[in-house]
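Data block below; observations after.
Count residues from 1 along the sequence.
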Amino acid sequence: MEAKEKVQIDWKVVFKLGLILLVISAVAACALALTNYVTAPTIEQMNIDANTEARQEVLPDATEFEQVPEEDVAKIASEIGMEKPEELMEVYIGTNNGETVGYTVKTGPTSGYSGEVQVLTGISSDGVITGITIIKHNETPGLGALATGEWNDQFTGKSAEEELVVVKGTAKEGSNEIQAITGSTITSKAVTEGVNTSIQVYQTLSE
């Protein structure tokens with residue numbers, strides 16, 4: 001019987017290849033870190049601009065926005081009895097020539113069909129909803145995604161003196177009713193929940 005030929009490993013080659021891979025990985029990591037360092041300020045500024053634009057969209061009479069400190073937002077969440085205070089994400093005071101014209105409130109109720117639905121609501125100082133926009137959602141395209149379209153226009157002009165109610169039929173004109181998106185009642189209720197939280201925040205701030 002013939003003896004099996006032994007396979008010899010050239011460890012110098014192995015170490016050389018390993019060193020090459022290590023150098024390539026290190027260079028790639030440094031390049032990625034450098035790219036992140038260079039682009040991070042730009043991305044952050046873009047996010048700031050996008051959020052400012054969103055606030056301007058829902059509270060058009062405001063020319064400047066002052067953020068309510070996080071500790072005060074936490075106190076507001078406690079005062080209005082939120083079971084999940086983290087769902088009250090931020091509050092801004094909108095001003096024009098130094099005069100308060102309203103508030104913007106970002107909420108993130110987790111009661112959507114596919115989880116969190118971030119809603120930005122604008123409410124004027126005289127208690128009228130001036131607009132809402134959906135900042136983020138994971139709802140089903142074509143159903144829950146309709147909440148980012150014309151559907152949310154029905155919130156504009158509603159009174160912030162009472163909570164809104166979702167109905168499956170046609171909402172009564174001049175009422176506090178919101179007509180649900182067909183086939184997506186859960187999403188409709190999640191968005192409305194966020195707006196109702198904003199209403200409670202407004203009522204607390206305007207006392």
Side-chain angles (χ1 to χ4, degrees), residues 50-62 65 73 76-77 79-94 101-207:
N51 284 324
T52 300
E53 184 178 343
R55 293 185 200 103
Q56 186 72 61
E57 180 184 339
V58 299
L59 190 64
D61 285 345
F65 295 91
V73 172
I76 293 171
E79 287 179 18
I80 63 179
M82 293 185 67
E83 293 182 2
K84 299 178 180 178
E86 67 276 7
E87 291 184 356
L88 179 55
M89 304 177 69
E90 64 177 36
V91 180
Y92 276 79
I93 301 172
V101 295
Y103 308 89
T104 66
V105 183
K106 183 191 287 187
T107 54
T110 54
S111 54
Y113 183 80
S114 300
E116 183 186 40
V117 179
Q118 290 186 12
V119 186
L120 183 67
T121 304
I123 301 177
S124 67
S125 55
D126 57 355
V128 176
I129 296 174
T130 52
I132 77 162
T133 187
I134 312 302
I135 301 295
K136 175 184 176 183
H137 72 86
N138 297 307
E139 305 302 272
T140 306
L143 288 177
L146 288 175
T148 61
E150 295 181 0
W151 177 80
N152 56 28
D153 290 343
Q154 65 182 306
F155 288 89
T156 303
K158 295 286 188 183
S159 172
E161 299 302 326
E162 59 181 337
E163 291 193 351
L164 305 177
V165 178
V166 176
V167 296
K168 291 186 178 182
T170 302
K172 297 176 183 177
E173 188 174 350
S175 71
N176 66 333
E177 296 179 347
I178 295 296
Q179 182 175 345
I181 301 170
T182 302
S184 194
T185 304
I186 293 176
T187 300
S188 304
K189 288 184 176 179
V191 174
T192 305
E193 179 186 339
V195 177
N196 279 334
T197 296
S198 299
I199 287 175
Q200 290 181 294
V201 171
Y202 159 76
Q203 291 173 348
T204 299
L205 290 173
S206 59
E207 288 179 349

Residue pair [X] / [Y], side-chain heavy-atom distance below 4.5 Å:
X    : Y    : result
E193 : E87  : yes
V73  : V201 : no
I181 : V191 : no
I178 : V195 : no
Y202 : T121 : no

Within the side chain of Q203, is there an N or O that forms a donor-acceptor pair under 3.5 Å with the backbone of A160?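 The answer is yes, because a donor-acceptor pair under 3.5 Å joins these two groups.
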Kindly say whether V58 contributes a backbone atom to a donor-acceptor pair with the side chain of T130 at under 3.5 angstrom? yes
Set out, in order, the CA-CA distance, both residues' side-chain angles and the distance that settles side-chain contact (heavy atoms from CB on, under 4.5 Å) for T182 and W151, then state yes or no. CA-CA 10 Å; T182 302; W151 177 80; over 6 Å; no
Hey, could you give me the [atom1]/[atom2] distance between [X] and [Y], rounded to the nearest 0.5 Å?
X    : Y    : atom1 : atom2 : result
K106 : T133 : NZ    : OG1   : 10.5 Å
I123 : K158 : CD1   : NZ    : 14.0 Å
Y92  : T104 : OH    : OG1   : 7.5 Å
I80  : S198 : CD1   : OG    : 8.5 Å
Q179 : T185 : CD    : OG1   : 10.5 Å
E90  : I135 : CD    : CD1   : 8.0 Å

Search all heavy atoms of [X] against all heavy atoms of [Y] and return the closest pair with its distance.
X    : Y    : result
I199 : E162 : CD1-O, 3.5 Å
E161 : G127 : OE2-CA, 4.0 Å
G94  : A62  : CA-CB, 3.8 Å
V166 : S188 : CG2-O, 3.9 Å

Test side-chain contact (heavy atoms from CB on, under 4.5 Å) on V119 and I134 and set out the steps. CA-CA 5 Å; V119 186; I134 312 302; 4.3 Å; yes
Determine, step by step, whether Y103 and L59 satisfy the side-chain contact (heavy atoms from CB on, under 4.5 Å) criterion, reporting the C-alpha distance in whole Å, the side-chain angles of both residues, the deciding distance to 0.1 Å, and the verdict. CA-CA 7 Å; Y103 308 89; L59 190 64; 5.7 Å; no
Given T197, L88, L205, the one that forms side chain to side chain contact (heavy atoms under 4.5 Å, CB included) with V105: L88
Tell me, with the steps shown, if N176 and E163 meet side-chain contact (heavy atoms from CB on, under 4.5 Å). CA-CA 7 Å; N176 66 333; E163 291 193 351; 5.8 Å; no
